Amino acid sequence: MVLSSDELERYTRQMGLPDWGEDGQERLRDARVFIAGAGGLGSAVALYLTAAGVGRITLCDPDTVELSNLNRQVLYSTSDIGRGKVTAASEHLVSLNPAAAIVPQSYRIDTDSAPDLVAGHDIAIDCLDTLDARFVLNRACIALGIPMVYGAVSGFTGQLSLIHPPTTPCLECFISDKSPTEMPQVPGCTAGMIGSLQATEAIKYLIGIGRTLAGRLLVVDGMGPRFDVLEIERDPDCPACGNRAE
Amino acid sequence: MIVYLRSGGKLHDLLKPDVDQYTRRVETHEGATLIEILGELGIPLAMVAFAFADGKVRKLEYVPSDGDVITIQSPVAGG
């Protein structure tokens, strides 16, 4: 279906980009994106993908909004404290772009829930806050053949990659299974920066433009500042995507 | 042989940089793995998720060469 006059006007400042055009905009409109986690990263990802015109976004998070979230979780206002995150987020996102179908899912990502939650989407965005949950999402995406945009933050540092085995390594190919025990300090600017880059990766993948971070890891140190793009290799013995995969 | 370890964030204080703000010069033996080098420095392995050197992500079993500059990364999981 062609774009409406409303859509042509709303997206006029991005469709003129090389290789984006009406075709790219239609691809975004037809896309189904799963966002795991509606915190600091998820806020930025959801806002930018909704504004960009992604047609269907599933936002998954079981938590409620707390005062201590508001330094970085820019989807929420003070008046949202105590409300379910995905409920409050959906209202905000629909007011930003009424054409977007926002699907709130108030569930925790675990081995039982992840496959059903993620199935049927074109891409998943990892905005979770523990390595355990990230590994669960990683394995669900591998099993379903769905690409996953990995992003993580702590302090002024962040990491980002596009995970899509067997074309790329998976998360467990290069990260050891060691969950940090402390809740990290995260300024909103770091979450916003990495979340924006995750949205960029998703848009590039969905439209088919540019070069994604498939097979590469971006490591950001905001204090330097320093941006390193590193090659990552598949681990043949990876327990998630290698020969030892369960 | 000499290798140079770099880090910021949480690992910075444990690394005790002496070359510049982020870098420590470490003398070690040929064939030492990163696990052994970190052990000699008293840096808990649980605090290191991975390392990178020469533009590639390296696991902790990586065996550095003389003069390598290796950046160690703590686990980053916040969202």
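Since we're looking at a predicted model, the values are computed, not measured. In what follows, chains carry the letters A, B, and so on, assigned in the order in which the sequence lines appear, proteins first and then strands, with residues in each chain numbered from 1.
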Any residue of residues 66-78 of chain A which, by heavy atoms, sits under 4.5 Å from chain B: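 No residue falls under the 4.5 Å cut-off.
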
Residues of residues 20-29 of chain B contacting chain A, heavy-atom criterion under 4.5 Å, by residue number: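 Listed by number: B/Tyr22.
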
Give me the atom names and distance for the closest heavy-atom approach of [X] to [Y].
X	Y	answer
B/Phe50	A/Phe174	CB-O, 3.4 Å
B/Val76	A/Ser154	CG1-N, 3.7 Å
B/Lys59	A/Glu172	NZ-O, 4.1 Å

Neighbour count >12 (heavy atoms, 6.0 Å) for atom [atom1], [X]:
X	atom1	value
B/Glu40	CD	yes
A/Tyr107	OH	no
A/Arg108	CZ	no

Based on non-hydrogen pairs under 4.5 Å, which of [options] is most in contact with chain B?
options	result
A/Thr190, A/Ile194, A/Asp228, A/Val186	A/Asp228
A/Ala152, A/Pro184, A/Gly151, A/Gly37	A/Ala152
A/Val219, A/Thr157, A/Asp126	A/Val219

Contact class of A/Leu217 relative to chain B, heavy atoms under 4.5 angstrom: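 Side chain of A/Leu217 only, per the 4.5 Å heavy-atom cut-off to chain B.
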
Atom group of A/Tyr150 that falls short of 4.5 Å from chain B, counting heavy atoms: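 Contact with chain B is through the side chain of A/Tyr150 alone.
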
With A/His121 via ring pair (Phe, Tyr, Trp, His ring centres under 6.0 Å) - residues at least two apart: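 Ring pair (Phe, Tyr, Trp, His ring centres under 6.0 Å) list for A/His121, sorted by chain: A/Phe34.
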
Check: B/His12 and A/Met223 side chains under 4.5 Å, non-hydrogen atoms: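 Of all side-chain heavy-atom pairs linking B/His12 with A/Met223, none is under 4.5 Å.
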
Euclidean distance, A/Arg216 CZ relative to B/Lys56 NZ, rounded to 0.5 Å: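 It is 14.0 Å, given to the nearest 0.5 Å.
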
Results of side-chain hydrogen bond (donor to acceptor under 3.5 Å, both in side chains) for A/Asp122 - residues two or more places apart only: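 Scan of A/Asp122 (side-chain hydrogen bond (donor to acceptor under 3.5 Å, both in side chains), adjacent residues dropped) gives A/Arg32.
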
